[in-house]
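Residue numbers start from 1 in every chain, and the chains themselves are labelled A, B, ... in the order their sequence lines are given, proteins ahead of strands. Since the structure is predicted, the reported quantities are computational estimates derived from the model, not experimental observations.
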Amino acid sequence: MDEAERRERLGELAPEKLAELEIDDEADEHVLPDLPNAEAGEVVMRAAPNPNGPWHVGHARMPAVIGTYKERYDGEFICRFDDTDPETKRPDLDAYDAILEDIEYLGFEPDRVIRASDRLETYYDHARELIDLGGAYTCSCSGEAFSELKNAGEACPHRDKDVETVREEFAAMVDGEYGSGEMVLRVKTDIEHKNPALRDWVAFRMIDTPHPREEASEYRCWPMLDFQSGVDDHLTGVTHIIRGIDLQDSAKRQRFVYDYFGWEYPEVLHWGHVQVDEYDVKLSTSTIKELIEDGELTGWDDPRAPTIQSMRRRGIQGRALVDSMTDLGMSTSDVDLAMSSVYANNRDLVDDGANRYFLVRDREDDPAVELPIVDGDAPAPEAGHPRFHPEHPDRGEREVPAGRVVVESSDLPPEGERVWLKGYGPVRYEGDELAFLDADIEIVREGDVDVIHWAPAEEGLDTLLRTVDGDVRGIAEPALADVDPDTVVQFVRVGFARIDALDSEATDEDDGPHGSEDLVAYYAHP
RNA sequence: GCUCUGGUGGUGUAGUCCGGCCAAUCAUAUCACCCUCUCACGGUGAUGACCUGGGUUCGAAUCCCAGCCGGAGCACCA
């Protein structure tokens, strides 16, 4: 009796028990904890990426979690680009759209997309208001000088300037009359606060480098994250903020501004950093960017890169990544995401749809060997006919021409022993040929004979399989030529892969496509 | 140094607020077996964890104290 039947029986015998079971099921789907003080229809959350590059897999967590809560609470999902540093975290103009595409691939669509660099006047207005409230002062101390005073809990001489002067100096900042480092606007908090991180922090500073977006290129006076983000969260009606533990003090800093304005601070949740196993590459936009610039990686979608674009090119569905991310929960400690969990989720999603094909790999430590199939105790058929999918006979069978074939050398039995070519039949390995045998599938069922995959030597497709661990060459069966690019297939006994192209374009990579391949595929996982 | 913050199997997670139903949940991983033209899927089983030490209590993963270990902030980065 399978699960469905069991439930049906239970429904007849004890309906109330079945109802309990179903309630439990529903609870299971809520992997994430409830949001504090959340009311359906009134939850607003935002992802606030810095557009300094396309996303790595760790970035999937924010849209995954926000998107999941949005669905649960019928809330709103804002994507706000916090692009207020034209210099050290300089925005990459292509990254805005790349990030939006990454979000779409994950299966979400932001209800609103905004850019902080469009909103400078708003921040200036709030700064002026804050100055009038006596909550901010212009300061020309050097960073080091102020830091020393701050650590000693002492105010700098600028702290007591009269509002009029502050107003004028801030206007001069906005007008770009100071150079980088000459003047900042500080929020007046508590210079003796026991946590030094909260003492009179910088709200605006001067940056000489123009912003890469043309619309914002004239501005020189830029808000710091805590000011900009704090103002925007309030103005856009954000009710729940999720941020990393690196921003643990942000809420405490921003509360000073909220208090000046009489605003109510949103609920805040923090979570730890995500690391991903299986990659040598650090999960960091700038590191990946450097590797690409140095030619160590071919691009953001290099299969060896721990990026969203790479996942996508490998045929891993966004949903699989999202499920793994929500499984991570909301813990404040750092977590390691096991890629095997993403793969397990993806397998659930693609196994049923992925048709089966043969790819014989030709690796240095396990080369493909080419052998003719000859008549043995029985005449050798001209072709094999394996199913497209073991559980879907209705999808039909492929035709794999026999004659001269290739197999992976480690699959070959000892000389004189038998092996079953999947979808074709039994052969005996005779050193330089494979002799077709008069035997039926019983020899396999008895356990004496292994079943292996194979491909025709002549009609086979010269294939490049790009994997996390580097490129693998091989020969694939010709039926793959009829598969549309972007289809996810399973290479029998190898793993799932996405068909990338049916003819390759040459690259200047050491090991990349030479342009002669008939097929390029990206490996997903076993 | 100062200030936050956290520690449940290899990984993630439930349980911790309001001690007993927890000799600890679920998933993944690994191994074995079953199924199978031997991959994958599916099924069965096994492996494997409450950071340490005290205390409170009839009873502690849960409460208290100390220690150990980890992460973060103290930027004119986000």
Side-chain angles (χ1 to χ4, degrees), chain A residues 2 27-28 31 33 48-52 82-85 87-91 116 139 141-144 146-147 150-151 153 180-186 193-199 201-207 221-222 224-226 228-229 243-250 252-253 270 272-275 277 285-286 323-345 347-348 350-352 354 356 358 384 386-387 389-391 420-426 440-441 443-445 447 449-453 490-496 525-526:
Chain A
D2 68 13
D28 285 347
V31 258
N50 177 331
N52 62 345
D82 281 355
D83 54 349
T84 55
D85 182 357
E87 201 164 270
T88 40
K89 292 229 168 155
R90 188 170 175 79
C139 169
C141 292
S142 71
E144 306 81 65
F146 187 85
S147 180
K150 180 195 70 182
N151 288 334
S180 167
E182 287 177 3
M183 188 67 83
V184 298
L185 184 76
R186 291 186 185 280
H193 196 284
K194 65 171 182 172
N195 185 347
L198 310 188
R199 298 172 187 166
W201 46 274
V202 174
F204 287 81
R205 84 297 208 186
M206 304 302 300
I207 294 180
C221 174
W222 286 90
M224 298 288 288
L225 174 78
D226 282 321
Q228 172 266 125
S229 165
R243 51 166 70 115
I245 41 169
D246 48 330
L247 263 24
Q248 274 173 123
D249 292 331
S250 271
K252 292 169 190 161
R253 276 199 275 255
H270 291 106
H273 297 285
V274 186
Q275 275 308 320
D277 64 358
T285 306
S286 51
D323 288 346
S324 296
M325 286 298 176
T326 52
D327 283 348
L328 250 29
M330 294 294 295
S331 138
T332 50
S333 41
D334 290 354
V335 292
D336 289 332
L337 171 67
M339 282 308 294
S340 59
S341 119
V342 178
Y343 298 159
N345 284 327
R347 221 176 274 128
D348 273 354
V350 301
D351 181 62
D352 195 64
R356 272 53 173 171
F358 295 153
R387 276 184 190 170
H389 192 112
E391 280 165 22
W420 189 284
L421 299 183
K422 191 174 165 75
Y424 181 74
D440 67 17
I441 196 65
I443 62 167
V444 169
R445 297 208 174 114
V449 176
D450 288 336
V451 176
I452 65 168
H453 61 285
Q490 188 198 73
F491 289 127
V492 176
R493 305 213 302 141
V494 174
F496 293 91
H525 50 73

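The nearest whole Å value for the distance from the CZ atom in A/Phe358 to the C1' atom in B/A40 is 13 Å. Atom-to-atom, CZ of A/Phe146 to P of B/A75 comes out at 9 Å; the value is rounded to the nearest Å. Separating the CG atom of A/Leu198 from the P atom of B/G73 is a distance of 14 Å, rounded to the nearest angstrom. Between the P atom of B/G6 and the CG atom of A/Asp246 lies a distance of 16 Å, rounded to the nearest Å. If you take CG of A/Asp85 and C1' of B/C76, they are 10 Å apart, rounded to a whole angstrom. Distance NZ (A/Lys252) to C1' (B/U3): 8 Å, rounded to an integer number of Å. The nearest whole Å value for the distance from the CH2 atom in A/Trp201 to the P atom in B/C4 is 19 Å. We find that NE2 of A/His525 is positioned 10 Å from P of B/C41, with the value rounded to whole Å.
For the P atoms, the distance linking B/C63 with B/C17 amounts to 5 Å, nearest Å. The same atom, C1', is picked in B/C64 and in B/G19; the two are 13 Å apart, to the nearest Å. When the C1' atom is used for both B/G55 and B/G48, the distance is 31 Å, rounded to whole Å. For B/G45 and B/G7, the C1' atoms lie 32 Å apart once the distance is rounded to whole Å. Nucleotides B/G59 and B/A49 place their P atoms 25 Å apart, quoted to the nearest Å. Comparing the C1' positions of B/A78 and B/G70 gives a spacing of 24 Å, expressed to the nearest Å. B/C26 and B/G9 have their C1' atoms separated by 13 Å, given to the nearest Å. A distance of about 11 Å separates the P atoms of B/A60 and B/C21, rounded to the whole Å.
Contact annotation for A/His273: backbone-only contact, meaning every heavy-atom pair under 4.0 Å involves sugar-phosphate atoms and none involves a base. A/Ser142 comes within contact range of at least one nucleobase, with a heavy-atom separation under 4.0 Å. Within the nucleic acid shown, A/Ile441 comes within 4.0 Å of at least one base atom, counting heavy atoms only. Nucleic acid contact class of A/Val444 (heavy atoms, under 4.0 Å, all strands): base. At the heavy-atom level, A/Cys141 lies under 4.0 Å from base atoms of the strands shown. Note on A/Arg445: only backbone sugar-phosphate atoms sit closer than 4.0 angstrom, heavy atoms only; bases stay farther off. At a threshold of 4.0 angstrom between heavy atoms, the contacts of A/Asp82 are confined to the sugar-phosphate backbone, with no base atom among them. Across all strands, A/Gly272 comes closer than 4.0 Å to no nucleic acid atom at all (heavy-atom distances). At the heavy-atom level, A/Met183 lies nowhere under 4.0 Å from the strands shown. Residue A/Ser331 is in sugar-phosphate contact alone, with no base atom involved, counting any heavy-atom pair closer than 4.0 Å across all strands shown. Contacts of A/Lys89 with the nucleic acid, taken as non-hydrogen atoms under 4.0 Å apart, include base atoms. A/Arg347 comes within 4.0 angstrom of sugar-phosphate atoms only, judged by non-hydrogen atoms across all strands, and of no base. Heavy atoms of A/Asp450 sit under 4.0 angstrom from at least one base atom. A/Ser147 comes within 4.0 angstrom of sugar-phosphate atoms only, judged by non-hydrogen atoms across all strands, and of no base.
Out of B/G73, B/C37, B/U11, the shortest distance to the side chain of A/Asp249 is found at B/G73. For A/Ala344, the listed nucleotide lying nearest its side chain is B/U28; candidates were B/G71, B/A78, B/U28. Of the candidates B/U28, B/C74, B/C4, the closest approach to any side-chain atom of A/Asn151 belongs to B/C74. Out of B/C76, B/C74, B/G6, the shortest distance to the side chain of A/Lys150 is found at B/C74. Of the candidates B/U28, B/A78, B/G71, B/A78 carries the atom nearest the A/Met224 side chain, counting heavy atoms from C-beta on. Picking from B/G12, B/C37, B/A78 the nucleotide with the shortest atom distance to the side chain of A/Lys422 gives B/C37. When each of B/C77, B/U28, B/C39 is scored by its nearest atom to the side-chain atoms of A/Val492, the top-ranked nucleotide is B/C39. The side chain of A/Arg186 approaches B/C76 more closely than any other nucleotide in the set B/C76, B/A78, B/C39. Closest contact between the side chain of A/Asp336 and the listed nucleotides B/U13, B/U11, B/A78 involves B/U11. Side-chain atoms of A/Leu225 lie closest to B/A78 of the nucleotides B/A75, B/U11, B/A78.
You'll find the side chain of A/Asn50 stays beyond 4.5 Å of the side chain of A/Thr285, heavy atoms only.
Across all strands shown, B/A78 forms no Watson-Crick or G-U wobble pair with both distances under 3.5 Å. Base pairing analysis places B/C39 opposite nothing; no Watson-Crick or G-U wobble pair with both distances below 3.5 Å involves it. In this structure, B/G45 forms a base pair with B/C31, meeting either the Watson-Crick or the G-U wobble geometry with both donor-acceptor distances under 3.5 Å. When Watson-Crick and G-U wobble pairs are counted only if both distances are under 3.5 Å, B/A72 pairs with B/U3.
Distance CG/A/Leu421 to NE2/A/His453: 11.0 Å, rounded to 0.5 Å.
With the nearest nucleotide of RNA chain B identified for both A/Asn345 and A/Asn50, A/Asn345 has the one nearer the 5' end. If A/Gln490 and A/Ala338 are placed on RNA chain B by their nearest nucleotide, the residue sitting closer to the 5' end is A/Ala338.
The aromatic rings of A/His525 and A/Phe496 lie tilted to each other, with the angle between the two planes from 30° to 60°.
Taking a cutoff of 4.0 Å between a charged side-chain nitrogen and a carboxylate oxygen, A/Arg356 and A/Asp351 qualify as a salt bridge.
Pairing each heavy atom of A/His389 with each of A/Ala354, the nearest pair is ND1-O, 3.3 Å. Nearest heavy atom pair, residue A/Asp82 against residue A/Ala48, reads OD2-CB, 3.3 Å. A/His270 and A/Gly244 get closest at one heavy-atom pair: CD2-O, 3.5 Å.
A donor-acceptor distance shorter than 3.5 angstrom exists from the side chain of A/Thr326 to the backbone of A/Asp323, with no hydrogens or angles considered. Between the A/Asp226 side chain and the A/Ala203 main chain, no donor and acceptor come within less than 3.5 Å of each other. Checked by atom type and distance alone, the side chain of A/Arg347 pairs as donor or acceptor with a backbone atom of A/Pro526 at under 3.5 Å.
Contact annotation: side chain of A/Arg493 to base of B/A40, donor-acceptor pair absent below 3.5 Å.
For A/Arg90 and B/C77, the shortest distance from a side-chain N or O to OP1 or OP2 is not below 4.0 Å.
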